[in-house]
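Basis for what follows: all heavy atoms, side chains included, without hydrogens, waters or symmetry-related copies. Note that this is a predicted model, so its numbers are computed, not measured.
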Amino acid sequence: MPLVHGLAPILATPFHSDGSLDLPSLRRVVEFNLLSGVDGLAVSGMASETFALTADERARVLREVVDVVAGAVPVIAGVNATSTTTAMEQARGASDDGAAALMVLPPYMVKPTPAQVLDFYREVAAATECEVMVQDAPGVTGVTLTPAAIAELSLIPGVTSVKVEAPPTPAKTTAVHEAVNNEEFTILGGLNAQFCLDEYARGARGTMPACEFPDLLRPILDAWSAGRRREAREGLAHLLPLVTHGLQQGWAWAVHKEVLWARGLISDTTVRSPARPLDTPTRTALYEVLAPLGIAAP
């Protein structure tokens with residue numbers, strides 16, 4: 001089985017109130033996720049505010065996470081460049097800094113042809129020894145990857161998994177599962193694990209939500225794996241209000257950080273523009289959602 005499977009949250013990037021990196025808070029978030037029983041951890045994903053990080057900051061975050069994890073689980077680094085050359089540069093840098101796998105968006109500034117998508121992943125996969133995950137996220141990139149295209153990508157040496165974020169994700173999971181003729185190729189879900197159980201029922205073997213509730217999601221996934229499907233669905237229904245709050249465009253990053261702050265894991269909820277801080281009504285609604293989960297403002 002590929003390195004990346006199971007519960008592999010995308011880590012937020014904590015900042016001090018002045019907007020600088022807060023590495024002690026990052027370490028606490030990593031330790032919390034490890035104690036929660038995650039199977040992997042990812043940096044430089046969308047939930048990481050990677051769009052607002054410098055290249056140096058991306059490297060510092062990855063090195064810090066690799067140091068804390070110390071080989072306990074694979075660390076996945078996002079690659080979200082806009083060309084083959086720059087994606088290979090990011091991939092090599094992440095490999096040098098200790099990443100075990102790469103979560104790679106297709107180039108999106110100039111929309112690639114289907115043939116260019118194949119060439120792109122071939123070249124990126126050949127650039128390092130890291131396993132490569134295809135990130136199917138048309139909402140972010142505007143690039144559509146058909147199930148047939150993903151099946152072709154699964155044949156590329158080093159390309160071992162796909163993260164399906166093309167809604168409706170359960171249907172896309174089924175289509176990809178049926179198209180890919182490779183039992184070792186792993187399908188993972190994204191979009192904050194909103195439909196994770198339906199994705200698992202249709203062939204997924206992992207999910208990559210945000211990082212503020214792995215302790216609440218782990219028992220749900222374990223119940224599903226043990227065949228206790230009613231228990232799992234009831235647990236997810238209890239968690240879904242928080243999950244959906246973390247999917248709000250513009251505010252998602254502030255939601256993740258507000259919850260991490262409320263749980264005593266980060267020191268400040270600062271986000272970088274164009275992410276938006278929570279307004280008072282949104283924050284109030286969030287804490288109403290958190291109350292049944294036993295989470296309150298400090």
Side-chain angles (χ1 to χ4, degrees), residues 1-10 39-40 42 45-47 50 76 78-80 101-108 111-118 120-122 124-125 131-156 158-210 217 220-221 224-225 229 232-233 236-237 239-240 243-244 246-249 252:
M1 180 179 291
L3 286 172
V4 185
H5 64 276
L7 176 56
I10 311 291
D39 301 299
M46 283 301 295
T50 188
I76 308 111
V79 172
N80 36 51
L102 307 172
M103 180 173 63
V104 184
L105 282 174
Y108 53 89
K111 301 300 183 281
T113 67
Q116 286 176 315
V117 169
L118 288 171
F120 170 82
Y121 280 101
R122 283 193 191 99
V124 173
E131 293 189 4
V132 167
M133 176 196 303
V134 176
Q135 189 172 2
D136 175 28
V140 175
T141 64
V143 177
T144 298
L145 299 178
T146 66
I150 294 171
E152 287 190 78
L153 292 169
S154 74
L155 302 176
I156 296 173
V159 175
T160 61
S161 59
V162 63
K163 181 184 179 187
V164 172
E165 298 190 282
T169 56
K172 183 67 175 282
T173 298
T174 295
V176 172
H177 184 67
E178 291 175 349
V180 173
N181 186 27
N182 180 352
E183 286 298 320
E184 292 301 307
F185 189 77
T186 295
I187 303 169
L188 300 101
L191 296 181
N192 213 23
Q194 184 179 23
F195 292 106
C196 60
L197 298 184
D198 296 288
E199 292 159 0
Y200 270 71
R202 293 169 178 245
R205 290 187 290 188
T207 188
M208 301 183 74
L217 185 55
I220 294 169
L221 299 178
W224 182 268
S225 296
R229 294 197 167 192
R233 290 209 178 270
L236 185 60
L239 186 58
L240 271 177
V243 169
T244 54
L247 290 168
Q248 296 179 86
Q249 289 191 2

For the residue pair [X] and [Y], what are the closest heavy atoms and their distance?
X      : Y      : value
Ala201 : Trp224 : CB-CZ2, 3.7 Å
Ala137 : Leu105 : CB-CD2, 4.1 Å
Ile76  : Ala8   : CD1-CB, 4.3 Å
Val143 : Pro107 : CG2-O, 3.5 Å
Tyr108 : Thr141 : CB-O, 3.4 Å
Pro147 : Ala175 : CG-CB, 3.6 Å

Counting C-beta onward and ignoring hydrogens, is there a side-chain heavy-atom pair between [X] and [Y] closer than 4.5 Å?
X      : Y      : value
Val140 : Glu165 : no
Cys196 : Leu217 : yes
Thr160 : Val4   : no
Ser161 : Leu188 : yes
Val164 : Ile187 : yes
Met133 : Met208 : yes

Could you measure the distance from the [atom1] atom of [X] to the [atom2] atom of [Y]? Nearest 0.5 Å is fine.
X      : Y      : atom1 : atom2 : answer
Leu155 : Tyr121 : CG    : OH    : 15.0 Å
Leu197 : Leu221 : CG    : CG    : 6.5 Å
Arg229 : Leu236 : CZ    : CG    : 13.5 Å
His177 : Lys172 : NE2   : NZ    : 15.5 Å

Tell me which one of Leu153, Val104, Val117 satisfies side-chain contact (heavy atoms from CB on, under 4.5 Å) with Val134.
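In the set Leu153, Val104, Val117, the residue that makes a side-chain contact (heavy atoms from CB on, under 4.5 Å) with Val134 is Leu153.
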
By side chain to side chain contact (heavy atoms under 4.5 Å, CB included), which residues pair with Phe185, not counting sequence neighbours?
Ile150, Ser154, Val159, Val162, Val180, Asn182

Partner set under side chain to side chain contact (heavy atoms under 4.5 Å, CB included) for Pro170, not counting sequence neighbours:
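Testing Pro170 for side chain to side chain contact (heavy atoms under 4.5 Å, CB included), a comparison that skips the adjacent residues, returns Pro168, Phe195, Asp198, Arg202.
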
List the steps and the verdict of side chain to side chain contact (heavy atoms under 4.5 Å, CB included) for Ile10 and Lys163.
CA-CA 12 Å; Ile10 311 291; Lys163 181 184 179 187; 3.9 Å; yes

Has the side chain of Asn192 got a donor or acceptor atom that lies under 3.5 Å from a matching backbone atom of Val243?
yes

For Glu152 and Leu118, indicate whether the former's side chain and the latter's backbone hold a donor-acceptor pair under 3.5 Å.
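Answer holds: no.
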
Show your working on side chain to side chain contact (heavy atoms under 4.5 Å, CB included) between Leu7 and Thr207 and close with a plain yes or no.
CA-CA 5 Å; Leu7 176 56; Thr207 188; 4.1 Å; yes

Using a distance-only test with no angle check, is there a side-chain donor-acceptor pair under 3.5 angstrom linking Glu199 and Thr169?
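Yes.
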
